[in-house]
Amino acid sequence: MINFLIKPSVRRDIIGKPKGAQIKVRVTEKARFSRATGHMIRFLAGKLGVAPSAIDVAFGRLNVHKQRQIKAPAHLSSVFQVQTTLLD
């Protein structure tokens, strides 16, 4: 499980630095009708080398604080490795 803090409606999609036990993710999509959440899932799937269906929403579908379970990512960025260390 990875905790995210999402910021919608920004200029470009980016995975930011950890903030406490969360990772900041900024997405270009507006926060309407779960579009930002769906966009974030597709963005993360591309970065992690998994299908969007491999990212489960555990908490926060309609909230800026989100918790995701990612099944068998092909590769993790250094930000995610820091997050995993924080959770252990």
- Query: Can you name the nearest heavy-atom pair linking A31 to P8, along with the distance?
  - Reply: CB-CG, 3.6 Å
- Nearest heavy atoms of T28 and D13, plus distance in Å: N-OD1, 2.8 Å
- Message: If I compare all heavy atoms of R35 with all of K30, which pair ends up nearest, and what's the gap?
- Response: CB-O, 3.8 Å
- Message: Between L44 and I15, does the side-chain contact (heavy atoms from CB on, under 4.5 Å) criterion hold? Intermediate values first, please.
- Response: CA-CA 9 Å; L44 290 175; I15 297 172; 3.9 Å; yes
- Does any non-hydrogen side-chain atom of M40 lie less than 4.5 Å from one of I55? no
- Query: Out of curiosity, I14 CD1 to K47 NZ, how far, rounded to the nearest 0.5 Å?
  - Reply: 8.5 Å
- CZ-CZ distance between F43 and R26, expressed to the nearest 0.5 angstrom: 11.5 Å
- Between the CD1 atom in I41 and the CG atom in D56, the distance rounded to the nearest 0.5 Å is 8.5 Å
- Rounding to 0.5 Å, atoms CD1 (I2) and CG (L48) come to a distance of 7.0 Å
- Determine whether V27 and T37 make a side-chain contact, defined as any pair of heavy atoms from C-beta on separated by less than 4.5 Å. no
